[in-house]
Structure formats: structure tokens, C-alpha cells
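Excluded from the calculations below are hydrogen atoms, water molecules and symmetry mates; all remaining heavy atoms, backbone and side chain alike, are included. Proteins come first, then strands; the chains are lettered A, B, ... in the order of their sequence lines, and each starts at number 1.
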Amino acid sequence: MNSNHLIAKIFEEIADALEFLGDNPFKVRAYRTASYILESLEEDISVYIQKGEKIFGIGEDLKEKILEFIKTGKIKKHEELLSKIPRGIFDIMKIPYIGPKTAKTLYEELGVDNIEKLKKIVESGDLLRIKGFGIKKLENIKKGIELYQKLSERYPIGEIYQDVINLKNYISSISGVQKVELVGSFRRFKETIGDIDILICSEKNISEDILKHPKIKDIFSKGDTKISFSYELSNTRLIQVDIRVVEERSWGAALMYFTGSKEHNILLREFAAEKGYKLNEYGIFRDNIYIGGRSEEEVYKILEIQYIPPEIREGRNEIELAKKYLIPKLVEITDIKGDLQVHSRYSDGIMDFWEIEAEALKLNYEYIAITDHSKSLKVAGGMEVEDLIRRNKEIKKFNENSKVKLLLGAEVEILSDGSLDYPDEILEQLDIVLASIHNVRKDEDITERYLKAMENPFVDIIAHPTGRLVSYREPYKLDLDAIFKKASERKIILEINAHYNRLDLNDINILKAKRYNVKFSIGTDAHNRNGFGMMGFGIKMAKKAILTKEDIINTLSYEELISFIKECRRHRISEK
DNA sequence: GCCGTTTTCGGCCCGACTGTTTTCAGTCG
């Protein structure tokens, strides 16, 4: 479907192989950067090449290799390298403490070409015979193998969210700690997290106090300003935590550095160097004299570029935008006036209307769309038409005395032939109709189902369009361009499902959709009170895709929203 | 291998920690 990911994998392997062979480190970097860029493109790489669009980081040579892949399905250089290096070496290099150099020595001196052999060599102690290998290194490799099996996993951000907050709170409570911030991929809101990065401002050494935490297992390193350990999550799995401690005057520069991404940092530091500065985690310097770094804002100001929000620091084109002051004001959670996907007791939720109202009031919302499942989705308590009518009556009555408007809504199943699960005369009575797909046959392409459903004038929103579950289920097979194009023509809104398991659309797809000039809604898919808290995740996803308040319909007031939906429906009816 | 109004050749982000070392290489982020 999309060759970006496949080519990115190949480039990554070429980089590993070249590193193993001791090739030019900058060449290795070029392959890694290109791999990273490919993974974050909105369109298939062939589209850019066809249009003759230059992509920063992919030069003539790599372009040729990409074309070679598109034509033949493989890249000769890759095949050659694979034939030279045993497969198992690539796994060995993924083990902590083992880099290309160690892997090479192990291979050349002892013939270690897979993890099983490595385990045996470690047990036998033969390792110690090699020059430069001591007891400690042996112990580290042993630990590395263990960690490789336990730590090589990435977790959906929502799954570890509370653990991370708990750890932050613990650190905040240590005496001498002035500031604590969660940085790294957590601050950038990547949908999965591989390790936790924490930045601390403190004048005194607090390492010992931190390491008293009972959930800390192995300590990997412990210095004056940097400690690293494995931490037991509430699901009993382990995650690596890296902590850095800096002084007040370095706080901003350190925040920038540890928030990353790595690719963003490299680009920003190169830019700083061009202007005659040196930027590192301690501050921004000219001729080795400290000029600033207390806050992020200060550093950006010295560089004479716009402040770049953490969520978009992914090394895409954000620095170019910042140079021209073209980053718009991103949507904030305080812009949100209501939630557009909530389930009540009428389907598989557990909340009464008054409970929903109470939560909405806490969040200062004007409205909530009650979007219970439709009849075919039996597993989720889908409502028969009579139940829906009864529920609607009840909502209307509730609204007479409610401070929060409950919208008559439904999450209506798109059936296998693309028709909707309720007849039009029922849909017409609803304030808002979300259409979605939950039942998909193996390998089924659902594009046509969507396109057919989108012909119906009462479909206002497509909910969780790709159906993916973070880390657990791949997106359904579908042609997103066709869906986005249709959504644009028919004035159908695309949902950003904020539930941390879904985050659907995700940032890359939102960026892609935006080019079709569509609007978005953010819905939490709340089934219980805690569910409303997911809104923050949806907002972060929207920010990652540089969305503003104007892009998102639930920043509208109640009256504005109702008239907006009506206007879109009129457009669809007149088109038909 | 990429990139460029100081360069088409010669640069390429920058620093912490560890281990096996007598001044540094390897790994990591």
C-alpha cells in the first residue's frame, strides 16, 4: 500500500550494516535521517518524486535507490550488505551496551553471529580473553541481553500516562527539587513511548533520593547530572527512565535539548551554528560565552525565530516555518466547548444524563453529543429504533432544565453494503450523526463502504476513520485520499478520536487530510466519567498536526455548531 | 550520503557516563 515504511526499514538496515562495517559515520547518519523522514511523510514517496518535489535529506543517490525499490521491489546495495553480514548481527546490535564496534569484535574474535551464541559465550566467560573486555563489560552485556527482552517494547502513551505522572510527583516531593518536567517523546506527545525522560532543576545532588523509589529496578548509570534506570510500571513491565539535572540558568536550553526530537535538535543546532552560536543543553553561547538559556522563549528569541511548540518538534518543516513566523496559534484545550462522542447507558456506556452533565460542567462545556451505538453493533449494546426514539424524548426533556445541551446523536454503523444502520427518517431527527465501521472482514478494503455511506446526506462525521488501535491493530485497508476528497466535497467532518487506544486520525493523517480542506471534530469516546479526560490527548494530536481552533468544530459555541451542521446537511442535500 | 549568498569540496550537534584505560573509545540520547 505504502512503500515509505518498507524503504525506511531498508535504509535503517543499510545504516546498521554500514555502521557495523565501520563506514563513514556521516553516511550512516544520512541513511538514518532518510529513513526517519520517510516514516513521517504524508504521501507515498513516489508521489513527491513524480511531482519533482525535493525532500530535504534525500539527495540524488537515495532518490535513485528509492526509484530502484519502486521498480524492482528491492535495493541492490541492501541485498549485497545482507549477504555480507549474518542476520543475527542486526539483532545483537540492538542489545543495550552493544554497539557496532562491540558486535564486530564479538563476531571477528569469537564468531558470535546470533543472540543464542552470544548467551553461550557470556556464560562460558570466553569473552574475557578478548583485549578490552573486562568483568564489568561482561556483566553489562549479560544485563543488556536481559533488558533487550524486557525493554524493547514501546507503550501507547495513554497506557503509561498515570505511571509517568506518579513518578513526576514523587520527584517533585524530594527536598531541593525546584522544577520537574517530563520531556522527550512524552512532551512531544508521540503516540507510543519507548522510554521516559525527565528534566530536573536542582542546586543540590538528589540522585540518591530519587533512587530510593521502590519501583526502580536496575540502575544503568549514575553520575552527578545524569541517572538512568529501569522502572516498573503498574502493568509490571519495565521501562527505561533517563533523568538529567540542570541549573536554573540552563533550564530552557535543557528543556529544548531533552524534548528533542533528535532530528529537530540537529537541525536547530546547525541553524544556531550558521548564526554564529553554539547551542547545547547548558545554554546558547557565542565565543563560548553564555548568552541565554533560562527559558525556551529566550533561546528562540536569541535565534530570531518563532517559538516552536513541543508537539511539532519532529524535524519536519517546523524550523523553516518558525524562521518565517508562520506557525499559527495552535488549538488549546481551553478552546473546546463540548465533546462530540460520548456513550450513555442506552448503549455500552455507564453514565446517566445527569452524570454526563456534571462532568461537562466541570469542564466548562456548553454541549455534549450523546452518540450511542446503533442496532447492529450488538456487542456494544446497539439501540433498536424504538429505544433511540425513547432516548431522544428523554434527552429533550432533560435539556429543558439542563445547564449543558445534550445533542441527539448516534454512532451509526456503516453496514457491509455501505448502507446505514438506521433509516433516513430516523437519522434526520438527530442533531448529529457519526458514522463508523466496526466489523471488517479479513483483508477487506473498506473504501467503497465509506464512499457509499458518505452519499447519505445525514452523515455528519466519520468516526475513528482508520480503525487502528495504537500498538494493537493496524489501520483497516482503505484509500484515505478518496475518503478525504469525498469528505471535502460533501462537507463531512473527520473525527480525531481522542481515546489513547485509538488516536485516530493521527497526526500524519490529519496533516494529509488538511490538504483537502476538511474540518475535524475531537471526541473522547467516553463510556464513563474518566473517559472525558481523553480530550487532552486529542488536542495534543491536533497540535502535532498544526491545527488551529478554526479547524475544529467543537470549538464552536452551541448555536454556531448547530447552524454549522445544518448548513453542511443543506449542502449535501442540494448536491444529491 | 547530504548540502551550500562566505563553499560543488569539506564540512557534518554535542555532551554524559562507563570501562579499561594512563588519555580515550564506545555507547547512548
Side-chain angles (χ1 to χ4, degrees), chain A residues 11 14-20 22-37 54-66 75 77 92-106 127-128 130-141 143-144 147-148 151 183-186 188 194-199 207 219-229 240-246 250 253-254 256-285 288 293 315 319:
Chain A
F11 282 179
I14 293 178
D16 285 344
L18 293 177
E19 209 171 20
F20 178 77
D23 209 319
N24 178 359
F26 298 107
K27 194 196 278 189
V28 174
R29 178 179 133 182
Y31 275 101
R32 282 204 207 288
T33 309
S35 169
Y36 178 85
I37 290 167
K54 170 83 188 76
I55 293 173
F56 189 87
I58 297 178
E60 269 312 302
D61 186 278
L62 291 184
K63 193 178 111 186
E64 282 307 313
K65 290 196 167 63
I66 291 167
I75 293 170
K77 176 159 183 143
I92 288 177
M93 284 195 289
K94 292 195 184 84
I95 295 173
Y97 308 113
I98 299 184
K101 297 282 160 43
T102 308
K104 195 166 190 209
T105 310
L106 288 169
L127 215 62
L128 296 171
I130 307 174
K131 190 160 168 270
F133 281 62
I135 286 283
K136 292 254 174 109
K137 188 151 183 161
L138 177 81
E139 288 300 320
N140 272 343
I141 291 177
K143 202 153 72 179
L147 290 171
Y148 170 69
L151 278 181
V183 286
S185 49
F186 196 86
R188 299 200 314 281
D195 60 7
I196 301 170
D197 299 298
I198 301 177
L199 185 66
S207 302
I219 296 163
F220 305 143
S221 69
K222 185 176 72 171
D224 292 336
T225 65
K226 180 178 168 178
I227 50 178
S228 170
F229 51 82
Q240 180 168 339
V241 179
D242 297 312
I243 292 184
R244 283 291 294 261
V245 185
V246 297
S250 300
M256 289 171 75
Y257 174 51
F258 294 111
T259 297
S261 64
K262 191 173 149 197
E263 289 73 12
H264 171 89
N265 282 345
I266 290 174
L267 292 171
L268 195 64
R269 285 175 179 208
E270 279 172 353
F271 175 67
E274 273 169 39
K275 299 197 98 175
Y277 298 106
K278 186 173 72 173
L279 179 60
N280 59 28
E281 61 263 54
Y282 299 108
I284 181 160
F285 301 82
N288 283 324
I319 294 174

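Listed by residue number, the members of residues 264-273 of chain A with any heavy atom below 4.0 angstrom from DNA chain B are I266(A), R269(A), E270(A).
Annotation: salt bridge (charged side-chain N to carboxylate O under 4.0 Å, His left out) contacts of K63(A) (sequence neighbours excluded): E60(A). E19(A) meets the salt bridge (charged side-chain N to carboxylate O under 4.0 Å, His left out) test with R32(A); sequence neighbours excluded. In terms of the side-chain hydrogen bond (donor to acceptor under 3.5 Å, both in side chains) criterion, residue partners of S228(A) (sequence neighbours excluded) are, by chain and number, Q240(A), D242(A). Residues meeting the side chain to side chain contact (heavy atoms under 4.5 Å, CB included) test with A30(A), sequence neighbours left out: none. The salt bridge (charged side-chain N to carboxylate O under 4.0 Å, His left out) search around E270(A) returns R29(A), not counting sequence neighbours. Take K27(A) and apply the salt bridge (charged side-chain N to carboxylate O under 4.0 Å, His left out) test, not counting sequence neighbours, and it matches D23(A).
Counting 5' to 3', DNA chain B first comes under 4.0 angstrom of a heavy atom of chain A and last does so at the ends given by dG1(B) to dG29(B).
As the counterpart of dT8(B), no nucleotide is assigned, since no Watson-Crick or G-U wobble pattern has both distances under 3.5 Å.
When heavy atoms are screened at a 4.0 angstrom cut-off, P96(A) is found touching the sugar-phosphate backbone but no base atom. In this structure, K137(A) reaches the sugar-phosphate backbone alone: every heavy-atom distance under 4.0 Å involves primed, P, OP1 or OP2 atoms, never a base.
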Taking only distance into account, with no hydrogens and no angle test, what donor-acceptor pairs under 3.5 Å do side-chain atoms of residues 272-280 of chain A form with protein atoms, sequence neighbours excluded?
| residue | atom | partner | partner atom | Å |
| --- | --- | --- | --- | --- |
| K275(A) | NZ | L303(A) | O | 3.1 |
| K275(A) | NZ | E304(A) | OE1 | 3.0 |
| Y277(A) | OH | R286(A) | NH2 | 3.3 |
| K278(A) | NZ | N288(A) | OD1 | 3.3 |
| N280(A) | OD1 | Y282(A) | N | 2.8 |
| N280(A) | OD1 | G283(A) | N | 3.2 |

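Here, dC13(B) and dC2(B) have their P atoms 15 Å apart, quoted to the whole Å.
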